[in-house]
Amino acid sequence: MNGLLGHALQGAAQVLLVGLLLGAGLPAIFALGIRALAWAEGRDAEVSHAEPQPLGRVLAYLCFALAGIGVLLGLAVIVSGGVGMELVMDGLVPTIRREG
């Protein structure tokens, strides 16, 4: 009985972790990108006309790219499952193959 409960708790912890990463993590990364873009424009650019920060633009685009990759990977998982295939993350590059 202890082994079954351990497996159930391990599965619940994995679901919780993925839910936090994708459910709250991607919007948080996107929000950091918006914040970095505001910093790139000189923070309070409308009021103080502060000098722009080029690093902020780079960080913003990096955050937007990470959020976009997360969304595209999620869509790839959904679409591949609908057409009888699976998305496999064996290495750094995800691949799509037939289920089986």
Side-chain angles (χ1 to χ4, degrees):
M1 185 69 171
N2 192 16
L4 182 61
L5 182 62
H7 285 301
L9 289 176
Q10 183 180 10
Q14 290 174 349
V15 168
L16 177 65
L17 179 66
V18 170
L20 285 175
L21 278 174
L22 299 178
L26 286 179
I29 290 173
F30 185 80
L32 286 174
I34 295 292
R35 183 77 174 187
L37 199 56
W39 182 52
E41 295 298 324
R43 200 174 320 205
D44 297 327
E46 296 85 19
V47 177
S48 66
H49 301 289
E51 191 161 323
Q53 303 291 326
L55 179 62
R57 189 170 303 252
V58 171
L59 291 174
Y61 291 151
L62 180 67
C63 288
F64 296 150
L66 286 174
I69 289 170
V71 168
L72 290 176
L73 280 175
L75 286 173
V77 168
I78 293 169
V79 170
S80 66
V83 294
M85 303 187 99
E86 64 181 346
L87 185 72
V88 180
M89 301 285 282
D90 286 336
L92 186 61
V93 179
T95 57
I96 296 176
R97 67 177 183 198
R98 293 211 180 271
E99 288 182 355

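These figures come from a predicted structure and were not determined experimentally.
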Closest contact, heavy atoms only, Leu59 versus Ala36: CB-CB, 4.1 Å

Atom pair CG/CG of Leu16 and Leu9 - distance to nearest 0.5 Å: 11.5 Å

Sequence neighbours excluded - side chain to side chain donor-acceptor pair (under 3.5 Å) pairs with any residue from residues 55-82: Glu41-Arg57

Single-linkage hydrophobic cluster, 4.5 Å side-chain cutoff, Val83 and Ile96 together: yes

Val77 reachable from Val79 in the ILVMFWY side-chain graph, under 4.5 Å edges: no

Closest heavy-atom pair and its distance - Phe64, Leu37: CE1-CD2, 4.2 Å

Side chain to side chain, Phe30 and Leu66, heavy atoms closer than 4.5 Å: no

Hphob cluster co-occupancy, Ile29 + Leu20, side-chain heavy atoms under 4.5 angstrom: no

Heavy-atom closest pair, residues Gly33 and Cys63: CA-CB, 3.6 Å

Where at least one partner belongs to residues 67-80, residue pairs that pass salt bridge (Lys or Arg N to Asp or Glu O under 4.0 Å), sequence neighbours excluded: none

